[in-house]
Each structure stands twice: as structure tokens, then as C-alpha cells.
2 protein chains.
Amino acid sequence: MRSRKRSDGPSQTAGDGETAEAEPDGGRDWRKRRTRRALINAALALLEGERSFSSLSLREVARGARITPAAFYRHFSGMEELGHALIEDSFESLHEMMRKARAGGLPSTRMIRASVKVFLDHVGAHRAHFSFIAKERFSGSTVIRVAIRKEVRLWVGELAVDLSRFPALGKFSAEDLQMLAGLMVNVVVAASELVLDTPPKDKEALTRIYRHAEKQMRLVMLGAGAWDSSRSSG
Amino acid sequence: MRSRKRSDGPSQTAGDGETAEAEPDGGRDWRKRRTRRALINAALALLEGERSFSSLSLREVARGARITPAAFYRHFSGMEELGHALIEDSFESLHEMMRKARAGGLPSTRMIRASVKVFLDHVGAHRAHFSFIAKERFSGSTVIRVAIRKEVRLWVGELAVDLSRFPALGKFSAEDLQMLAGLMVNVVVAASELVLDTPPKDKEALTRIYRHAEKQMRLVMLGAGAWDSSRSSG
DNA sequence: TGTACATCAGTGAACGCGCGTTCACTGATGTAC
DNA sequence: TGTACATCAGTGAACGCGCGTTCACTGATGTAC
């Protein structure tokens, strides 16, 4: 790449998508961030198949990013640090989706289908990220599992807050809202895992998974409607 | 005919000295089966921690069973075949539990607590087996994932049949019974995964997990009570 | 402005190590007579 | 019954390979003056 010198000073760009170069500098900083991205993307690409993170080798990832193994260490202290970067990258995608979904309005009975679709579409559109999360959720090293669990708990908590604003759920105690949110997250997580195991082209199978999850969600909502927190402690 | 030994667990290594006496044979066949067991147990022992199956080496498993790497091939053609043996071994444990649970009676509202407890106690008592299943369910090689998925589908199917005999669920279509069974399995599977990440001594945390799962199950049952299959296709 | 020096992302060779697999072998167990 | 031979689970050495990590290095980019 030729360097396009723009003396805007040292660029301090924070946002970066996969191809974002709204402010390409061509400088040393920019090149470094670019290689870091290449490493993360190389790892995600390797993980999109049936490989698990713990089975990836440092050399393999470096190869995928077209740098020598030694250069890997200019970006991460080792594979574990790369793992953390992958978690961050993956959940950023999830948070973004949550933000969008929340902007669309609170879940209600008639919104179940739409919510399930939004979420599962997002999973299908970010297979590598969610495939990584699904695999490492139980298989990863302790630190990685703990990091994922923390993010999931945060997510459940956010959903519980959203639900609390929903008048029909006024009967729910704070604890029971967490329980309900956990159940709803279970439903979409289980469906996500099926989505990840279905080829994107198999629309029919995907539709079946969507409908299944939607039904489960609706049944859960029916249960929530009949729930009475004051009786739930026995 | 299976020889029933008291301590069937994976903590056992192939130490000799006190061999069980009269019942077994001591012959070549018996010794071979014994070493095969030692290999399976060694693998399960290694998997009980945070290791995943794909990260195990053949030499490591052989070492755990106190045989040379070359002798491994007298029992399995390679690690993948050992993986299948592990699946068989793990689900045998699950089927046994299902048989016992079914003998206890069909699930009913008042039986929710007992059912959840029976299942989660079983998981806690067979950590190595269920830890293996939980990890490989999404992380394993395709053949192993497919084998696990098949077993889970069977399990959901069995549960659906059990549920169909339950008068209060007369309103359910066959498809919706599968959906409900899937949801119930989701609840206990999610809880199992929490159980596996909790030290067995932390009774308080375990109780919290049990109560949480029980509540979710009860909410699902409430939803089932209000469900109407004839309206569910829209 | 140009020059001299500093920084540092990436290189390529080297190392010791554990891996999967093969091979000829050993010696206890099993069997035919 | 004893003897001679067959079977085969397990041994131990050997192989080539990819691994993680280290090291001195290169050369483009950045900066001080």
C-alpha cells in the first residue's frame, strides 16, 4: 500500500469494523491495528469450521494473517490474550444488536416473532463470532469461560431490566425477572446453536428453527402471564 | 453381562495389586477389556478439568492408562474411535438415569422439584461424563457432534412420549409435545452446565441452581397449561 | 526546509519438545494333540 | 496328563513434523533539530 500522507496528526480512531478505513492513515499505527485485525479475523475464520480455539496454534493464526510467528508477539502476549480479544470482538457484535433491538421497542406478545427473527438473523450474519462463543462457552479455558459467562449474565440482566418496564410483568419480583430473562435467553441461545449448525442456504431448515424458537418463546410468555412471584418461593 | 464394580469412576487408573477376585477371569480377554476401560477412564479424568477432547493427545491418554502409545492401537484405531466410546459410555449413564426416573412415575406439577433434583444429582454424580457431553456438544468434531445430537434428540423424543401420557397435556399436538420436551430439556441442560462449573462442595450455590431450574420448569409448566396447539401454527 | 537518529512491526533462522505412527520384538495366555 | 505351537496385548526405539519461543536483524516510519 502507498502511504497517503495526511498531516492530521497521529490518528486516534476508536471505531473499527472489519473494513473500516474512514480515516486511513497509512502510518505505523494504522498498519499495526490493521495487522491486529488480520490476526483476529484469521482466528475467527479458522474457528468458523469445526475447530475449537484451544486447538488453534499460534503459528497457524500468524500464517492466516500472513505474518511470521514471531511478529504475533508484537500484538498479543500469546494465544490467551488473543482469546480475550475474540470475546470482546464477538460480544461487541451482540451489544450492537441489543441496542438496535431495544430501539425497536419492548418485547410484547405480538413482538415475539420479530424479536426472535432479529436475534437469529443477527447470529446467522455473524456466524464466526457466535460460533466462537458457543464453542468456548463450555470448552474454553477457565478465564475465557468466566469472561463469556460474565457477558451472558450482563445480557440477561439487561433483558430483565427491559422486561421490568413491561406492565404485564408487574407481578414479577426482581429475582423472578432474572429467572424469566434467563429462560428467554436459553431459548434463543439453544436456537442459535442450531442455526450455526445449519448451512445458510438451507432456508427451510432455518425457518423450522425460527418457528420452533418462536413457539417456545410464546409458551414461556404464556407461563409468565400465569406466574405469581408471591407463591414462587416455596 | 456387565460386571458391576463399586467404583466405576474415571479417577481409577490401571493400577494393579488388588484385582477383583473370583468374578472376573483374569484371562487375556478380561485383561484387554480392563485396559480398554483404563483408556476410557483416563480420557474422562483428563476431560474432567478444563481440557477439551480435541486437545487431548493419544500419548497423554495412553500415559494415563499406563500403557505405551503403540498399545493404544490394540483398542482403538485412533482418538476419534475413543471419542465414540466416550459418547456411548456417557449416554449409557444418562439412559440409566432416565429408566430410574421413569420408574418413579410421570412428571406432574408436584413432581417438578423431585425430577429436577434427580437429574441434577445424577449430573453431579457423573461429572466426567456430563462434562464431556457439554463440551463436545458444540466443540467436537462433526461426527462426535452429530452423535451427541442424535442422543439428545432421542432423549427429547422419549420425554415427549412420557408427556403425552399426561392428561393435562391432552391439548398438545405431537409437534408441540416435542417443542415442550425440548424446552424442558433446555432448562435442565442449562442447569447441568452450571452444576458442572460449581465445586461439588459448594452446596449453597448448588441449591441456588436447583431452585432456579425448578422455577423455570414450573413456569414452563404454567405455560403448557395455557397452551392451545390449535392456535399455535400462526 | 533537510539531515541524523530513534522507534518498532515484521523477518528468518534456530532451539528443544511432544506429537502420531511404524516396526520388530517379547513373553504370558490359550489351544491342539 | 504334558508338550509344542499359535495368538496377541503390550514394549521400546525410531522417524519426521509442527509446535512455542528466542534472537539478532532489517528497513520503513516517525521525530528532533
Side-chain angles (χ1 to χ4, degrees), chain A residues 1-13 16 21 23-43 46-47 51-85 141 144, chain B residues 13-17 19 22 24-43 46-47 51-85 141:
Chain A
M1 304 279 140
R2 302 285 287 147
S3 68
R4 295 208 278 121
K5 203 82 185 265
R6 266 175 191 238
S7 38
D8 281 349
S11 73
Q12 191 70 11
T13 326
D16 55 351
E21 71 260 41
E23 204 179 339
D25 182 358
R28 201 146 64 181
D29 249 42
W30 177 82
R31 276 167 180 272
K32 184 166 185 182
R33 266 180 283 122
R34 178 183 218 249
T35 303
R36 189 188 141 98
R37 249 291 121 207
L39 284 166
I40 290 174
N41 289 346
L46 288 163
L47 289 168
R51 306 286 307 278
S52 72
F53 183 72
S54 66
S55 80
L56 296 188
S57 74
L58 184 152
R59 293 179 98 103
E60 203 173 6
V61 175
R63 219 178 292 129
R66 300 196 195 286
I67 59 172
T68 57
F72 179 99
Y73 294 102
R74 297 281 179 201
H75 302 274
F76 303 102
S77 65
M79 288 298 282
E80 184 165 296
E81 203 167 291
L82 173 62
H84 280 290
S141 70
I144 284 185
Chain B
T13 43
D16 56 318
T19 62
D25 183 0
R28 200 147 65 181
D29 249 44
W30 177 82
R31 275 168 181 275
K32 185 166 185 184
R33 267 180 284 123
R34 178 185 217 248
T35 303
R36 190 189 141 97
R37 249 292 121 207
L39 284 166
I40 289 175
N41 289 346
L46 287 163
L47 289 169
R51 307 285 307 278
S52 72
F53 184 72
S54 66
S55 80
L56 295 188
S57 74
L58 184 153
R59 292 179 97 103
E60 204 173 3
V61 175
R63 219 179 291 129
R66 301 197 194 289
I67 58 171
T68 57
F72 180 98
Y73 294 102
R74 297 282 178 200
H75 302 272
F76 302 103
S77 66
M79 287 297 283
E80 184 165 296
E81 203 168 292
L82 173 61
H84 281 291
S141 71

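Here is how names work: the chains are called A, B, and so on, in the same order as the sequence lines, proteins then strands, and each is numbered from 1.
For B:R51, the side-chain hydrogen bond (donor to acceptor under 3.5 Å, both in side chains) partners at least two apart in sequence or on another chain are B:S55, B:E60.
Spacing between atom OH of A:Y73 and atom C1' of C:dA9 amounts to 16 Å, rounded to whole angstrom units. Counting to the nearest Å, the C1' atom of D:dG20 and the CD atom of A:E60 are 13 Å from each other. Rounded to an integer number of Å, the gap from A:R74 CZ to D:dA28 P is 17 Å. As a whole-Å value, the separation of A:L58 CG from D:dG18 C1' is 12 Å. Between the P atom of C:dG12 and the CZ atom of A:F72 lies a distance of 19 Å, rounded to the nearest Å. Here the C1' atom of nucleotide C:dC8 and the NE2 atom of A:H75 are 11 Å apart, to the nearest Å. Between B:R34 atom CZ and D:dC8 atom P there is a gap of 20 Å when expressed in whole angstrom units. Going from atom CD1 of A:I67 over to atom P of D:dG20 covers 13 Å, rounded to whole Å.
Distance check: B:S52 OG to B:L46 CG gives 11.5 Å after rounding to the nearest 0.5 Å. Considering CG of B:N41 and OG1 of B:T35, their distance stands at 11.5 Å, rounded to 0.5 Å. The NE2 atom of A:H75 sits 10.5 Å away from the CD1 atom of A:I40 when rounded to the nearest 0.5 Å. The distance from atom CG of A:L56 to atom CG of A:L82, rounded to the nearest 0.5 Å, is 8.0 Å. Distance check, rounded to the nearest 0.5 Å: CD1 of A:I144 to CE of A:M79 gives 8.5 Å. The distance from the OG atom of B:S57 to the CZ atom of B:F72 is 10.0 Å, given to the nearest 0.5 Å.
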Between protein and nucleic acid, restricted to nucleotides 2-7 of chain D and to nitrogen or oxygen atoms under 3.5 Å apart, what atom pairs and distances do you find?
unit_1 : atom_1 : unit_2 : atom_2 : d
D:dT7  : O2     : B:R28  : NH1    : 2.4
D:dT7  : O2     : B:R28  : NH2    : 3.3

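Each of D:dG12, D:dT22, D:dT21 was ranked by its minimum atom distance to the side chain of A:P69; first place goes to D:dT21. Among the nucleotides D:dT21, C:dC19, D:dA9, the one closest to any side-chain atom of B:K32 is D:dA9. Comparing D:dA9, C:dG20, C:dG12 by their closest approach to the side chain of B:T35 singles out D:dA9.
Remark: A:S57 is in phosphate contact with D:dC19, judged by side-chain N or O atoms under 4.0 Å from OP1 or OP2. Listed pair B:R63 / C:dC19 meets the phosphate criterion, a side-chain N or O lying under 4.0 Å from OP1 or OP2. For A:T68 and C:dG12, the shortest distance from a side-chain N or O to OP1 or OP2 is not below 4.0 Å.
Counting atom types as modelled, A:R59 pairs no side-chain N or O with a base atom of D:dG18 as donor and acceptor under 3.5 Å.
Across all strands shown, C:dG16 pairs with D:dC19; the Watson-Crick or G-U wobble distances both stay below 3.5 Å. Base pairing analysis places D:dG30 opposite C:dC5; the two distances defining the Watson-Crick or G-U wobble pair are each below 3.5 Å. Nucleotide C:dG10 forms a Watson-Crick or G-U wobble pair with D:dC25, both donor-acceptor distances falling under 3.5 Å.
Between B:D29 and the options B:K32, B:R33, B:R31, a side-chain contact (heavy atoms from CB on, under 4.5 Å) holds for only B:R33.
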